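All remarks here apply to the structure that follows.
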Amino acid sequence: MLTGEDFAILNEAYRGARTGQESINTVISKIYDEDLALDLNRQAVRFMAFENRIADKLREENQRPQRASRVERALMWTDMQVNTLTNTSTEHMADLMIQGNARAIMDLMRTVKKNQGAKREYCELAEELMDFEEKNIAKLKSYLRR
């Protein structure tokens with residue numbers, strides 16, 4: 001049986017993975033650096049894998065992940081469009097993606113700390129996602145010095 005704490009962690013992890021993937025899909029056509037595009041595509045594949053794993057765990061418990069609302073998704077898309085309207089430099093794009101990963105880590109970390117009674121398995125999955133996003137940040141930092 002999935003508790004409220006379990007659901008909170010799985011749902012936040014799902015939203016973070018989904019948002020990471022959607023953010024990459026939103027900006028990938030504006031990326032001219034082939035190495036950065038390749039790295040982001042690899043990250044998108046991993047985000048999709050996390051999204052699928054989490055959705056499977058929720059389905060096993062007869063639950064559905066709560067996706068971001070249309071308004072939230074529209075705001076994210078608009079924000080990405082505005083932030084890339086006049087600057088699509090490799091450094092700027094990497095910086096935007098770093099900010100997104102950092103925000104997702106903080107949101108998931110808050111959720112895990114707030115729901116400490118959740119199953120260990122779900123907390124470990126959240127930790128795995130946060131570790132992945134930290135590695136993304138480290139990789140993306142290399143594009144800031146080019």
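Quick caveat, the model's predicted, so the values are computed rather than measured.
Every residue was checked against the ring-ring contact (aromatic ring centres under 6.0 Å, His included) condition with Y14, not counting sequence neighbours, and none meets it.
Remark: the K30 side chain and the T88 side chain contain no N/O donor-acceptor pair separated by less than 3.5 Å. No donor-acceptor contact under 3.5 angstrom links the side chains of K135 and Q43, judged on distance only. Between the side chains of D56 and N52, not a single donor N or O lies within less than 3.5 Å of an accepting N or O.
Annotation: side chain of N101 is in contact with side chain of L140 (closest heavy-atom distance under 4.5 Å). Contact annotation: the side chain of Y143 approaches that of D35 to within less than 4.5 Å [non-hydrogen atoms, C-beta and beyond]. Side chains of Q81 and L85 form no contact here, defined as non-hydrogen atoms less than 4.5 Å apart. A 4.5 Å side-chain heavy-atom check between E134 and D131 finds at least one atom pair inside the cut-off. Contact annotation: the side chain of T26 approaches that of M76 to within less than 4.5 Å [non-hydrogen atoms, C-beta and beyond]. For the pair Q63 and N11, the minimum side-chain heavy-atom distance is 4.5 Å or more. Side chains of E128 and R53 form a contact here, defined as non-hydrogen atoms less than 4.5 Å apart. When side chains are defined from C-beta on, E5 does not count as touching I9, because their heavy atoms never get closer than 4.5 Å.
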Please step through side-chain contact (heavy atoms from CB on, under 4.5 Å) for the pair I98 and L144, ending with a clear verdict. CA-CA 10 Å; I98 288 169; L144 298 178; 3.7 Å; yes

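Taking the six-membered ring wherever Trp is involved, the centroid distance between the rings of F132 and F47 falls below 6.0 Å.
Here the straight-line distance linking atom CE of M97 with atom CD1 of I24 works out to 4.5 Å at 0.5 Å rounding. A distance of 9.5 Å separates NZ of K57 from CD1 of I54, quoted to the nearest 0.5 Å. A distance of 9.5 Å separates CD in E91 from CG in L36, rounded to the nearest 0.5 Å. To the nearest 0.5 Å, the span separating NZ on K119 from OG1 on T3 amounts to 8.0 Å.
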Which donor-acceptor pairs under 3.5 Å do side chains of residues 102-118 form with protein atoms, sequence neighbours excluded?
unit_1	atom_1	unit_2	atom_2	d
D107	OD1	R110	NH1	3.3
T111	OG1	D107	O	3.0
N115	ND2	T111	O	2.8
Q116	NE2	K113	O	3.4

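Comment: R15 engages E72 in a salt bridge, judged by a side-chain N to carboxylate O separation of less than 4.0 angstrom. Ion pairing between E124 and R120 holds under the 4.0 Å rule for side-chain N and carboxylate O.
When atom types are taken as modelled, the side chain of N83 and the backbone of D79 share a donor-acceptor pair closer than 3.5 angstrom.
Other residues sharing a hydrophobic cluster with M48 under the 4.5 Å side-chain heavy-atom criterion for ILVMFWY residues do not exist; the residue is a singleton.
Nearest heavy atoms, A37 versus I31: N-CG2, 3.8 Å.
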